[in-house]
Number of protein chains: 2
Amino acid sequence: MHCKPNNLGIIERKEREKAEMRRRIVDAAVEMIVEEGYEKVSIRNIADKIEYSPATIYLYYKDKDELLYDVQSQAFATLAEEFREKINAEDPFKRLEQLAVAYLEFSRQHPELYDLMFIIKAPMNTLVEKEKWENGDPSYDALHGLMQECIEKKVVKFKDATIATLSVWGFAHGLISLHLRGRCTKVSRVPEEDVPRVIATAIDEYLEMIKA
Amino acid sequence: MHCKPNNLGIIERKEREKAEMRRRIVDAAVEMIVEEGYEKVSIRNIADKIEYSPATIYLYYKDKDELLYDVQSQAFATLAEEFREKINAEDPFKRLEQLAVAYLEFSRQHPELYDLMFIIKAPMNTLVEKEKWENGDPSYDALHGLMQECIEKKVVKFKDATIATLSVWGFAHGLISLHLRGRCTKVSRVPEEDVPRVIATAIDEYLEMIKA
DNA sequence: CAAATATACTGAACAGTGTTTATTTTCCAA
DNA sequence: TTGGAAAATAAACACTGTTCAGTATATTTG
């Protein structure tokens with residue numbers, strides 16, 4: 001039979017401890033993904049790192065995908081921080097340029113996190129039992145709001161904010177992910193070491209092109 | 001000691017049989033990837049399908065990545081075929097539009113192959129001991145040549161063919177891969193069923209935008 | 001405080017993966 | 001027919017995610 005503890009302080013502490021444990025697990029996973037790469041992140045390795053048995057992790061996450069969803073959430077938090085720091089112009093178009101630079105820089109500084117956020121399938125499997133992608137939504141909404149403002153002030157050529165948002169995001173993501181997954185490498189006429197600069201230039205040119 | 005067979009017909013047959021075996025392996029893998037998805041493709045499953053032991057596959061491929069590289073090659077062959085069928089206009093810009101439509105359609109009809117060609121890491125690991133990505137190069141070159149022609153005839157705004165190529169490819173790939181990896185789904189203001197149409201529209205608008 | 005119970009944790013196993021090695025089977029040449 | 005090379009494999013290794021029976025630790029109740 002279910003027996004609730006009388007003392008409410010204890011049940012609160014239990015919840016706090018549960019949250020702390022989840023945090024320990026996610027922190028360990030983030031650290032591993034950043035320092036050793038996504039492929040090294042296994043349930044057993046995480047368990048070793050936090051000094052628990054692998055089975056224990058399944059008391060806090062129903063599967064690895066759900067754990068990775070929380071890691072992704074953490075990654076989006078650091079991206080949001082970057083955005084807050086680096087997007088501060090008055091002019092909406094200038095803010096769009098700042099956003100593009102910050103996004104590109106983030107992908108360079110945290111390629112493995114970028115992968116988890118925008119490429120790897122696993123964390124999105126948990127979305128089937130959610131109605132929204134809470135992790136990505138704030139960033140998407142930020143860009144959407146910015147594009148809407150750009151459209152209203154007629155500083156871009158777009159008419160529809162959704163198409164504008166997906167276009168800008170897609171353009172940057174396309175180049176970044178092709179590079180990240182090695183598709184720009186060893187292709188004719190693109191010297192390996194030039195790729196990053198070409199990507200930056202392409203994004204610059206694109207932003208010039210959509211300018212009204 | 002090494003003993004070459006005197007009869008040259010036999011050594012030829014051996015090579016033919018070796019090639020046939022590699023073809024059987026790749027065909028089985030392609031079939032599995034198309035019918036059951038990339039995740040179902042394992043050495044053991046392939047071995048079962050062609051009725052050989054798993055270890056036998058390692059007599060023809062040094063590892064799974066090398067095998068997947070050949071599967072990728074097969075996928076690029078079918079894409080090239082699509083291109084040959086659907087790109088036939090005189091006007092280079094019209095050809096560019098035809099290419100974009102064919103590329104987008106391919107990604108819809110063969111999402112798992114698209115994944116292997118442009119997103120999945122594995123097959124690219126074999127590139128470390130190659131000097132060129134022979135699989136992707138012809139398609140890349142086709143687009144590069146087309147962009148160069150468009151620039152020469154001044155039907156696009158681009159100045160540099162490499163940046164033009166990466167921009168067009170990146171734009172399409174960005175939208176397609178975000179969609180394929182579930183990043184457009186369950187994001188604010190983008191109704192699930194509208195995504196494909198929005199992507200097509202965005203590509204159309206982009207092509208209009210780069211038109212000189 | 002002691003007994004009963006609920007919670008937290010883990011060892012061991014299951015089913016799967018890519019890959020290697022020693023062994024056996026098949027094939028060809030002398 | 002026999003010696004030896006070539007081809008195929010069974011079995012193992014080291015991993016993976018995940019589950020479950022059993023143990024240890026708290027907490028509540030008599």
Side-chain angles (χ1 to χ4, degrees), chain A residues 1-22 24-25 28-29 32-33 36-71 120-123 125-126, chain B residues 1-22 24-25 28-29 32-33 36-71 120-123 125-126:
Chain A
M1 175 187 157
H2 238 64
C3 172
K4 296 175 188 174
N6 295 344
N7 191 336
L8 286 183
I10 285 176
I11 173 174
E12 265 176 42
R13 176 173 57 80
K14 293 262 158 152
E15 270 169 34
R16 207 171 53 235
E17 281 173 355
K18 193 133 190 161
E20 274 169 21
M21 183 60 143
R22 282 172 73 104
R24 265 198 298 272
I25 294 170
M32 287 184 64
I33 212 174
E36 306 176 64
Y38 173 76
E39 297 200 338
K40 290 282 169 195
V41 177
S42 74
I43 299 293
R44 278 174 181 82
N45 286 348
I46 295 172
D48 277 359
K49 190 151 192 162
I50 62 174
E51 293 176 296
Y52 278 86
S53 138
T56 302
I57 290 175
Y58 286 88
L59 301 174
Y60 299 89
Y61 288 102
K62 80 173 234 288
D63 56 25
K64 193 188 180 186
D65 293 352
E66 195 179 85
L67 196 170
L68 289 175
Y69 188 78
D70 268 13
V71 176
I120 290 167
K121 267 180 179 157
N125 292 338
T126 65
Chain B
M1 177 185 159
H2 238 63
C3 172
K4 295 175 189 173
N6 294 345
N7 192 337
L8 286 183
I10 285 177
I11 173 173
E12 265 175 41
R13 176 173 59 78
K14 293 260 160 156
E15 269 169 34
R16 207 171 54 237
E17 280 173 356
K18 193 134 191 161
E20 274 168 21
M21 183 59 145
R22 283 171 73 105
R24 264 199 299 272
I25 294 170
M32 288 183 63
I33 212 174
E36 307 176 65
Y38 173 75
E39 296 200 337
K40 290 284 169 194
V41 177
S42 73
I43 299 294
R44 279 174 180 81
N45 288 141
I46 295 172
D48 277 359
K49 190 151 192 162
I50 62 174
E51 293 176 296
Y52 278 85
S53 136
T56 303
I57 290 175
Y58 287 87
L59 301 175
Y60 299 89
Y61 287 103
K62 79 172 234 288
D63 56 25
K64 194 188 179 183
D65 294 351
E66 196 180 86
L67 196 169
L68 289 174
Y69 188 78
D70 268 13
V71 176
I120 291 166
K121 267 180 181 156
N125 291 339
T126 64

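In what follows, chains are A, B, ... by sequence order, proteins preceding strands, each numbered from 1.
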**Prompt:** When you look at A:M21 and A:R24, which way does the side-chain contact (heavy atoms from CB on, under 4.5 Å) test go after all the steps?
**Reply:** CA-CA 5 Å; A:M21 183 60 143; A:R24 265 198 298 272; 3.5 Å; yes

**Request:** Among residues two or more places apart or on two chains, list those pairs meeting salt bridge (charged side-chain N to carboxylate O under 4.0 Å, His left out) that have a residue in residues 47-66 of chain B.
**Result:** B:E31-B:K49, B:K62-B:E129

**Request:** Quickly work out the A:Y58 OH to D:dT16 C1' distance and round it to whole Å.
**Result:** 9 Å

**Request:** Would you mind reading off the distance between B:E39 atom CD and D:dT16 atom C1', rounded to a whole angstrom?
**Result:** 13 Å

**Fill in**
Rounded to whole Å, NZ of B:K40 lies from C1' of C:dG16 at a distance of 10 Å

**Asked** What pair of heavy atoms forms the shortest contact from A:K18 to A:L59, and how long is it?
**Response** NZ-O, 3.8 Å

**Item:** B:E17, CD atom: more than 12 neighbouring heavy atoms under 6.0 Å
**Value:** yes

**Item:** From A:I46 atom CD1 to A:T56 atom OG1, the distance as rounded to the nearest 0.5 Å
**Value:** 12.5 Å

**Message:** On the nucleotide D:dC15, are OP1 or OP2 found under 4.0 Å from the side-chain N or O atoms that A:N45 carries?
**Reply:** no

**Request:** Rounded off to whole Å, could you give me the NZ-to-P distance for the A:K64 and C:dG16 pair?
**Result:** 18 Å

Protein and nucleotides 9-11 of chain C: nitrogen or oxygen contacts under 3.5 angstrom:
| from | atom 1 | to | atom 2 | distance (Å) |
| --- | --- | --- | --- | --- |
| C:dC9 | OP2 | A:Y60 | OH | 2.4 |
| C:dT10 | OP2 | A:S53 | N | 2.9 |
| C:dT10 | OP2 | A:T56 | OG1 | 2.6 |

**Request:** Would you kindly check whether a donor in the side chain of B:R44 faces an acceptor in the base of C:dG16, or vice versa, at under 3.5 angstrom?
**Result:** no

**Prompt:** So, the side chain of A:R22 versus the backbone of A:Y60: is there a donor-acceptor pair under 3.5 Å, distance only?
**Reply:** yes

**Request:** Can you see which heavy atom on B:A29 is nearest to which on B:L67, and at what distance?
**Result:** CB-CD2, 4.0 Å

**Request:** Find the distance A:L67:CG to D:dT18:P and express it as a whole number of Å.
**Result:** 10 Å

**Asked** For the helix from C:dC1-D:dG30 to C:dC27-D:dG4, what angle lies between the axis at the first five pairs and the axis at the last five pairs, to 10 degrees?
**Response** 30°

**Fill in**
Between NZ of B:K62 and P of C:dG18 the distance, given in whole Å, is 15 Å

**Request:** Specify the separation, in whole Å, of atom CD of B:E17 and atom P of D:dA5.
**Result:** 20 Å

**Request:** Provide, to the nearest angstrom, the distance between the NZ atom belonging to B:K18 and the C1' atom belonging to D:dA7.
**Result:** 9 Å

**Prompt:** In Å and rounded to the nearest 0.5 Å, what is the OH to CD1 distance from A:Y52 to A:I25?
**Reply:** 9.0 Å

**Fill in**
Rounding to 0.5 Å, atoms OH (A:Y38) and CG (A:L68) come to a distance of 5.0 Å

